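Down below is the structure, laid out as structure tokens.
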There are 2 protein chains.
Amino acid sequence: MRADARRNYEQILAAAEAEVARAGAEASLEEIARRAGVGSATLHRHFPSRQALLEAVFHDRVAALCTQAHDLAAGLTPQPVAPTSPPPAALSSPPPVGGGSADAGQALTGWLRSLASYGAVTRGLAKSLLGGVQNPTASTCEAMLVEAGNELLRPAQAAGAVRPEVTIIDLLTLVNAVSLATEGSPDADAEAARLVTLALDGVRPRG
Amino acid sequence: MRADARRNYEQILAAAEAEVARAGAEASLEEIARRAGVGSATLHRHFPSRQALLEAVFHDRVAALCTQAHDLAAGLTPQPVAPTSPPPAALSSPPPVGGGSADAGQALTGWLRSLASYGAVTRGLAKSLLGGVQNPTASTCEAMLVEAGNELLRPAQAAGAVRPEVTIIDLLTLVNAVSLATEGSPDADAEAARLVTLALDGVRPRG
DNA sequence: CAGAAAACGGGGTGGTCCCCCATTTCCCTC
DNA sequence: GAGGGAAATGGGGGACCACCCCGTTTTCTG
């Protein structure tokens with residue numbers, strides 16, 4: 001890729017991050033191009049659709065959430081001999097207890113909660129994920145979340161904490177729906193986490 | 001209201017119903033005006049905002065859903081002496097068992113399921129309800145649903161089928177979120193009902 | 001350094017929302 | 001049944017938007 005192309009790409013991405021944070025997923029593409037100091041045609045050449053731009057904007061953050069899931073999952077299985085890299089600290093995940101395995105159900109639900117909070121607070125993220133949860137092949141972010149989520153869902157189901165017929169698509173759809181519905185309300189993150197907890201626990205009194 | 005005004009109002013409403021069913025909540029207002037055979041200014045005079053138009057479009061259907069909830073609730077409490085009207089048949093609700101009261105929890109969950117299915121199938125409905133669930137005073141449809149839902153939630157909580165800290169706002173937000181997330185998928189109604197059931201039951205195995 | 005290929009961006013097209021205001025339509029009174 | 005005034009209308013204009021064509025500029029390579 002030519003140097004000016006790469007430079008413009010980065011500038012557009014930076015402007016898009018700012019503008020989407022300000023105006024949500026429906027931010028004006030023209031305004032983004034304007035703030036990036038490029039013509040609108042350049043923006044459309046680099047990102048042929050709004051969805052493509054949103055994917056690029058959110059890719060790193062989604063990747064971080066997936067890393068978090070991966071690290072949580074690694075803390076569940078008795079650590080196999082790991083000759084690769086020293087385990088990098090998870091984003092903000094509670095460290096797995098001692099040297100043993102943490103609770104698989106809690107790892108999953110905790111991750112889903114933080115996912116919902118993050119989605120509710122990050123303007124435009126939930127909406128940009130909405131289209132693709134049903135058919136994740138169309139979207140890189142979706143596929144990443146599905147894979148990362150499955151790493152937590154499988155142990156949780158093996159531990160009997162989640163019914164076997166539940167799929168990660170079900171859970172991600174629910175969480176994303178909650179993010180979407182709570183986005184914009186005050187204390188969106190707490191509200192999203194609360195509703196996800198409610199949905200995961202069910203509405204009936206527990207024991 | 002003058003005769004021509006009323007006539008145009010009805011024509012706009014009919015065109016809006018068709019167009020929203022076809023293109024969803026983001027349907028073009030100009031196109032609606034065009035199909036109604038009126039100028040766009042007339043549309044904007046009758047419906048000052050898109051939200052106002054959507055409310056008018058969906059008002060009757062929401063009212064029907066509320067009536068259904070009301071009838072279900074009436075079947076729960078041992079019928080007090082009712083000197084008013086003979087109990088009208090609910091839209092499609094299963095008749096309360098025998099002469100006694102049906103299960104309060106099932107009445108609530110069944111209604112929420114049908115609400116989700118209806119919202120997932122009726123293009124634009126979920127989105128038009130999205131803005132107002134958090135502060136129902138702003139929206140007639142919201143307020144109607146909150147009131148109707150409460151008629152089912154209270155007995156369900158009294159019967160111990162729903163935890164006391166759960167509010168109808170929580171449940172409607174969840175249901176609406178699911179409708180929104182499943183809208184557009186094939187078998188949207190079944191998918192929505194399935195996810196609502198999942199959220200109401202929780203993901204853990206039921207002993 | 002020169003030429004070719006890649007990238008750029010101004011500006012056009014067709015669409016939207018929303019509003020102003022001259023014109024038309026209706027209703028009420030006589 | 002006719003006419004006056006108020007209510008309602010809608011064409012058209014402004015501001016904005018997504019998207020694309022194509023002459024121009026920039027970059028890389030030999």
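Note that the structure is a prediction, hence the values are computed from the model and not measured. Here is how names work: the chains are called A, B, and so on, in the same order as the sequence lines, proteins then strands, and each is numbered from 1.
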Please state whether the phosphate of [N], meaning OP1 or OP2, lies under 4.0 angstrom from any side-chain nitrogen or oxygen of [X].
X        : N       : result
Asn8(B)  : dT9(D)  : yes
Ser28(A) : dA18(D) : yes
His46(A) : dA7(C)  : no
Arg50(B) : dC17(C) : yes

Self-check item: Donor-acceptor pair present, Arg2(B) side chain and dA8(D) base, under 3.5 Å
Solution: no

Quiz item: What does Arg7(A) touch in the nucleic acid at a heavy-atom separation under 4.0 angstrom: a base, only the sugar-phosphate, or nothing?
Solution: sugar-phosphate

Quiz item: So what does Ala5(B) hit on the nucleic acid, given a heavy-atom distance under 4.0 Å: a base, only sugar-phosphate, or nothing?
Solution: sugar-phosphate

Self-check item: Neighbour count >12 (heavy atoms, 6.0 Å) for atom CZ, Arg163(B)
Solution: yes

Quiz item: How far does CG of Leu195(B) sit from CG of Leu171(A), to the nearest 0.5 angstrom?
Solution: 9.0 Å

Practice problem: Mind calculating the distance between CG (Leu43(B)) and P (dA8(D)) to the nearest angstrom? | Solution: 15 Å

Quiz item: How long is the line joining CZ of Arg45(A) and C1' of dC22(D), in whole Å?
Solution: 11 Å

Quiz item: Which of these nucleotides, dC19(D), dC26(C), dG9(C), is closest to any side-chain atom of His44(A)?
Solution: dC19(D)

